[in-house]
Student: 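A single structure is presented below for examination.
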Number of protein chains: 2
Amino acid sequence: MGLTKSEIFTDVQNEIASLAKAFAHPARVAILHQLFKSNSCICGDLVDEIGLAQATISQHLKELKNLGLIKGNIEGTSVCYCINEERWEEMKEIFSSFFNQNIKTNCC
Amino acid sequence: MGLTKSEIFTDVQNEIASLAKAFAHPARVAILHQLFKSNSCICGDLVDEIGLAQATISQHLKELKNLGLIKGNIEGTSVCYCINEERWEEMKEIFSSFFNQNIKTNCC
DNA sequence: TTTATTTATCGTAATATTGCAATATACAAA
DNA sequence: TTTGTATATTGCAATATTACGATAAATAAA
């Protein structure tokens, strides 16, 4: 086994899980932190700032890009990565609905 | 390899990643959904409502409990699980700071 | 006490994720 | 064209996660 049974869950549940995976590794959290605060969002700078190999950072960037949370812009030989603001807002909405549910019963 | 290098990241980055893992599997999202909306939060009910084996649900509940997001209350032979509201609010604050950062530069 | 019920844990198999060296690709500069 | 620079991809090894049957533990009911 070890295979997530996506088909038994709702679309919303699966989407929350997919998006949460983006934040479920500190390297990706660090990348996102960097993209928010830094003036330079060049891939190579991220490799320098975060202490992981270039191949590893590239892989994490790919995952974030696949989820639509960041965009990449080719500038000559380097690539500039930025937060995809529209998708970021969409993501925030999804988590907001999940986080702000009302508790019906709480017996503990 | 395959070992996350936690020591090169900040405490905040590691905590966000740990908490995000709670939501990074649809079964745990489904469990939390159920605890919010349901009148009954008995472990056995969760097993019935979500289509996974009892051992699997128990394991997911344990992870949520380890993160402090839920509490378990023994009632005879069964166990009632509920959202830990204080911790839930704390978690929301942590994600809120992360989600609502200001973008300094956005060149894409 | 015996039996049934409920949940937790153990052991195991399978898939997923992480990390990186090596290499490929793409473009710029000489 | 050749060389250098930056990023992506491939292949592989190692750890982590997921799932569940079997079983243990704890309590309730008979």
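Proteins get letters first, then strands, A, B, ... in listed order; numbering begins at 1 in each. Model, not experiment: these values are computed from the prediction.
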Student: Are B:Phe98 and A:Phe95 an aromatic pair by the rule of ring centers under 6.0 Å?
Tutor: no

Student: Without decimals, in angstroms, what is the distance between A:Lys65 NZ and D:dT7 C1'?
Tutor: 10 Å

Student: Quick check: B:Phe99 with A:Phe36 (ring centres under 6.0 Å apart)?
Tutor: no

Student: Taking atom P of D:dG21 as reference, at what distance in whole Å does atom CD1 of B:Ile57 sit?
Tutor: 13 Å

Student: What integer distance in Å separates A:Asn66:CG from D:dA8:P?
Tutor: 12 Å

Student: When the nearest nucleotide of DNA chain C is assigned to A:Thr77 and to A:His25 on a heavy-atom basis, which residue is associated with the more 5' position?
Tutor: A:His25

Student: Determine whether any donor atom in the side chain of A:Gln59 lies under 3.5 Å from an acceptor atom in the base of D:dA8, or the reverse, and answer yes or no.
Tutor: no

Student: Between atom CD1 in B:Ile74 and atom C1' in D:dA28, what is the gap in whole Å?
Tutor: 14 Å

Student: So if I take every side-chain heavy atom of B:Ala55 and compare against D:dA19, C:dT18, D:dG21, which nucleotide ends up nearest?
Tutor: D:dG21

Student: Which is true for A:Leu52 with a 4.0 Å heavy-atom rule: it touches a base, it touches only sugar-phosphate, or it touches nothing?
Tutor: sugar-phosphate

Student: To the nearest Å, how far apart are B:Tyr81 OH and C:dT7 P?
Tutor: 8 Å

Student: Report the distance from atom CD of B:Glu75 to atom P of D:dA26, rounded to the nearest whole Å.
Tutor: 19 Å

Student: When only distance counts, do a donor and an acceptor, one from the side chain of A:Gln54 and one from the base of D:dA6, lie under 3.5 Å apart?
Tutor: no

Student: In whole Å, what is the span from the CD1 atom of B:Ile42 to the C1' atom of D:dA26?
Tutor: 15 Å

Student: I want to verify a distance call: between D:dA19, C:dC20, C:dT9, whose nearest atom is closest to the B:Ser58 side chain?
Tutor: C:dT9

Student: For the pair made of NZ in B:Lys62 and C1' in C:dT9, what is the distance, rounded to whole Å?
Tutor: 7 Å

Student: Mind checking B:Glu63 for me? I need base, sugar-phosphate or nothing, with any heavy atom below 4.0 Å counting as a touch.
Tutor: sugar-phosphate

